[in-house]
Amino acid sequence: MSETATAPKHDIKSGLPIALALAVALALAALAFTRVTIRTDMADFLPSGGSAAARLMIEQIRNGAAARLIMIGVDHAAPEQLARISAALRESLDRSGLFVFVENGAEEAGGADEALLFRYRYLLSPVTTPEAFSVPALHADLERLLEQLASSAAPLVEQYGLADPPGAFFAIARDFVGASRVRTRDGVWFAADRDRALLLLKTRAGGVDLAAQQRVAEAIQRGFQVANPGGARLLVSGAAVFARDAANQIRADVWRISLLSTAAIAALLLWRFRSLWVLAAIAIPLAVSVAIGLAAVQLAFGYVHGVTLGFGMTMLGVTVDYPVLLIGHRKQGEPAHGTIRRIGAALTLAVITASLGLTGMLFSGFPGLSQLGLFSITGILVGFAVTRFGLPPLIVAAGLAPVAAGSDSRLLRMEGLRAFRLWALVPIAAAALYLAVIGGPRDVRDLARLSPVPAHDLALDAQLRLEIGAPDAGQLILVKADSLQAVLQDEESLLPLFDHLEATGVISGAEIAARYLPSVRAQRQRQSFLPDAATLRARLREAAAGMPFRPDAFNSFVEQVEASRTLPPLKPADLTTPLLASRLEPLLFERGGAAFGVIAPAGVSDPPALARALAGRSNLTYVDVATETNAMVAAYTRQAWQWLAVGGGAALVALIAGLRDWRVVRVAGTVVGAAVVTVALLAVSRTRLSLFNIVALQLAIGVGLDYALFFARRQLDEEERARTLRTLVTCNAMTLLTFGLLAFCRTPLLRSIGVTVAIGVISAILLAFLLVGPRPAAVRE
Amino acid sequence: MADETGFTIAELMQRLAARPDSHASFREEKHIAALSAPIETSGRLLYIRPSYLEKITLTPAPEHLVVDGDKLTITHAAGQPVQTIDLASRPAIRALVETMRGTLSGDLASLERYYHVSLAGTAHDWQLTLTPTDSTVARFVREVRIDGSGADLREVDTEQRNGDSSRMLIEPIG
């Protein structure tokens with residue numbers, strides 16, 4: 001093979017082995033992709049919760065009825081237009097078959113709810129007591145009616161009041177309206193204080209079934225377009241929408257960043273090595289890593305999570321360094337073993353320490369992170385093995401080596417900076433001091449901060465939820481019993497307690513299933529309080545004495561009370577009218593042979609007082625969802641730090657065994673220093689560290705180890721030192737081009753990872769260059 | 001002085017529309033099917049152009065009803081919750097409000113949204129008869145008759161579909 005000093009000669013033939021190897025590697029990767037089971041259900045990626053109650057609660061929040069509710073707002077048009085769009089949208093969504101119900105307040109639906117409540121008013125309402133039908137109580141009721149008939153409310157009183165003097169119906173309706181501030185206009189729901197038509201949907205599919213929720217989203221978009229919306233705006237929110245948007249956004253971000261960074265890295269490598277074959281050579285270990293990594297995860301877990309795949313591919317950015325380190329250190333025309341002799345030990349040690357450092361992730365307890373850890377470690381080891389044993393003959397055959405770029409001695413003049421290397425300790429010390437003063441890095445305590453949902457989407461969700469009166473869950477009380485009826489009875493015994501809590505201002509209200517639907521026992525008891533027609537008629541006559549009511553004024557009241565005495569009590573399954581069903585379902589459900597009631601208190605001003613009031617009742621569990629999930633996140637974050645320390649310890653042992661001298665201090669000092677500086681800078685920028693930052697930090701430490709170990713090699717001539725410097729700068733640029741670009745993502749999670757890695761690897765390369773490499777004086781000796 | 005024999009709706013509406021804000025006292029007699037005797041109420045009325053209407057009932061029980069644009073609020077006594085109704089969401093109540101407000105403001109178009117409007121009498125003594133054409137209104141109202149003199153309303157009689165009726169006598173103040 002002929003060789004020139006400046007540009008190696010490449011032809012198709014010399015690259016043929018590389019092309020073949022690449023084809024095989026890509027085929028392997030393709031095979032792996034078709035064989036693994038990829039899941040996109042976010043429930044699999046997130047932790048499942050510590051206690052049994054928390055697990056059930058989180059499962060319920062994620063996939064229960066509340067998670068399947070979607071709220072739609074349509075605004076930015078004239079009210080008549082909005083009403084028309086609402087009606088058209090409802091019709092097409094109803095037809096799609098994707099929804100359990102599609103509710104927009106249209107008359108029939110609301111009417112059905114109202115008719116049911118009115119018919120069952122004496123069974124459902126707490127107003128039904130024996131005293132309510134006594135002569136004195138009826139007398140007071142009639143006096144009130146008379147007064148109301150004189151007021152402008154007379155038509156309403158005639159419609160409802162005469163048939164229901166005790167006011168049982170209004171008592172229920174008040175409970176049901178609850179937090180909902182919805183108004184009806186042109187026959188459909190509107191927000192109370194703005195021109196925004198509202199719809200409430202419940203999907204058949206689970207809230208975190210992303211593929212199904214994607215179809216739901218498309219159906220909503222299509223329905224809206226078909227409704228000739230003009231300039232109107234469609235707002236869609238709900239837990240399922242968030243889950244889907246987050247997944248789509250992460251996918252779009254990763255995809256865009258991947259394209260961008262691949263193009264940038266290709267340009268960089270092309271400039272550095274002047275050969276497209278280098279790209280092919282780098283892709284070989286990467287493709288094999290992905291294939292084997294996927295297979296390992298599939299074998300260990302039975303499936304590969306979509307997020308593991310997404311992050312894992314990015315994580316394998318480290319393995320891209322290995323072939324670059326190999327090719328970057330090769331002298332033109334050098335046989336394979338020559339390059340390996342110079343860098344083999346450093347590379348091996350870097351790989352061992354990086355893999356050991358990542359073991360923390362493997363044991364993080366976060367299912368998604370464990371997968372990610374396994375995928376990354378396998379990928380790194382495989383990437384190394386392929387680079388170390390497979391690539392050398394191929395790159396020799398293709399004549400791949402760096403192009404001399406500028407004079408080595410000029411580059412090496414930078415080494416003069418090492419004379420001031422003690423100054424590099426200043427930022428490390430300052431960072432450490434800062435962290436000590438503020439009491440260590442701030443961990444994320446709030447799961448919401450991990451949420452990829454942008455703040456304005458959360459605000460919109462809260463707004464629609466309030467406008468439509470859909471349930472929200474901040475604190476929950478779980479009532480467990482053998483049957484739904486037993487749950488309702490338990491809840492009934494709790495009602496006085498909640499009334500007391502409300503009266504004393506501990507809570508501002510509570511959603512309790514038993515308040516909407518009393519147990520069959522309670523309904524039967526109320527039926528026993530109802531007097532028969534003759535008795536009621538006689539009592540009314542007595543109560544109305546001296547009042548100008550005509551004898552037949554209360555006929556419908558008497559008839560309906562009589563009918564109520566023999567109505568079959570309402571059971572949960574009978575509540576099929578949309579508004580009632582959607583209100584009750586999140587509050588009452590059966591799971592695994594047991595029945596559960598969820599009590600959702602609102603406006604909890606004093607959580608400890610609430611917890612105290614509920615303490616000591618064995619059939620119920622009080623869960624502050626925020627506290628519970630935050631405690632969970634805190635526990636996992638703590639664990640992640642611990643595993644980071646364990647991984648770091650293992651890596652240190654490997655370092656000591658590999659280096660066996662003072663360089664251990666410099667190398668370890670460099671990576672620990674870089675980590676401390678990174679954490680301090682993140683703290684300065686008020687970033688709270690989540691698990692994902694910690695993982696990103698591990699990645700940065702792994703990459704930093706590469707730098708330090710390559711600078712730490714001994715007895716290098718000027719030419720080799722220049723090669724190392726150039727190659728490491730290339731590797732660093734590649735890492736920045738992948739992770740640095742993540743810093744520009746819309747997804748907070750990815751952005752935060754990107755920033756962490758970018759700060760980490762920049763500090764690592766600067767510190768490694770200054771602290772680990774030999775001083776110019778030492779070089780000359 | 002207008003031609004008394006050919007007094008038209010347009011002329012009446014013009015006069016009503018030209019009138020400044022009105023302040024009056026009222027007495028109302030309501031005949032309700034469920035009651036064997038009528039209910040009598042009294043109080044004051046205030047109308048400020050173009051869309052503010054206030055009805056203060058003093059006897060037998062105090063009630064303060066205000067319509068301002070599309071918002072209707074009812075207060076019974078100090079300290080009691082104020083009831084607010086959005087007229088846009090309650091077509092029936094809106095129609096009843098527009099009956100009064102449309103007449104006071106001389107807004108024929110607004111009246112004709114709900115009623116067939118006919119006029120009899122002279123400028124000094126006219127009778128306006130409103131017969132519902134709108135189905136929502138027709139469910140509640142059979143007929144509304146408004147008697148007046150010049151730009152003053154004197155009497156509003158409402159006959160409801162269910163047989164109830166009311167008669168309100170109005171006396172301008174100041």
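A, B, ... follow the sequence lines: proteins, then strands. Residue 1 opens every chain.
- Contacts of A:Leu146 with chain B are made by both backbone and side-chain atoms, with heavy-atom separations under 4.5 Å.
- The number of heavy-atom neighbours closer than 6.0 Å to CD of A:Glu502, taken from other residues, nucleotides and ligands shown, is above 12.
- More than 12 heavy atoms of other residues, nucleotides or ligands sit less than 6.0 Å from atom CZ of A:Arg144.
- Closest heavy-atom contact between A:Ser151 and B:Lys30: O-NZ, 2.9 Å.
- In this structure, chain A has a heavy atom under 4.5 Å from the side chain of B:Thr41, while its backbone stays farther away.
- Residue A:Glu147 qualifies as open at atom CD: its count of foreign heavy atoms under 6.0 Å is 12 or below.
- Of all the listed residues (A:Ala154, A:Pro548, A:Pro551), the one sharing the greatest number of non-hydrogen pairs under 4.5 Å with chain B is A:Pro548.
- Once rounded to the nearest 0.5 Å, the distance linking CZ of B:Phe140 with CD of A:Glu158 reads 10.5 Å.
- Residue A:Arg119 places its CZ atom among 12 or fewer non-hydrogen atoms of other residues, nucleotides or ligands, all under 6.0 Å distant.
- For A:Leu162, the part sitting under 4.5 Å from any heavy atom of chain B is the side chain, from C-beta outward, and nothing else.
- Judged by distance alone, with hydrogens and angles left aside, the side-chain atoms of B:Ser36 form no donor-acceptor pair with the main-chain N or O of A:Arg550 at under 3.5 Å.
- B:Ile39 and A:Ala150 make their closest contact through CG2-CB, 3.6 Å (heavy atoms, listed as atom of the first residue, atom of the second, distance).
- Applying the 6.0 Å contact sphere to CD of B:Glu29 captures more than 12 heavy atoms from other residues, nucleotides or ligands.
- Heavy atoms of B:Ala37 lying under 4.5 Å from chain A belong to its backbone as well as its side chain.
- If you measure heavy-atom distances from B:Leu35 to chain A, the contacts under 4.5 Å come from both the backbone and the side chain.
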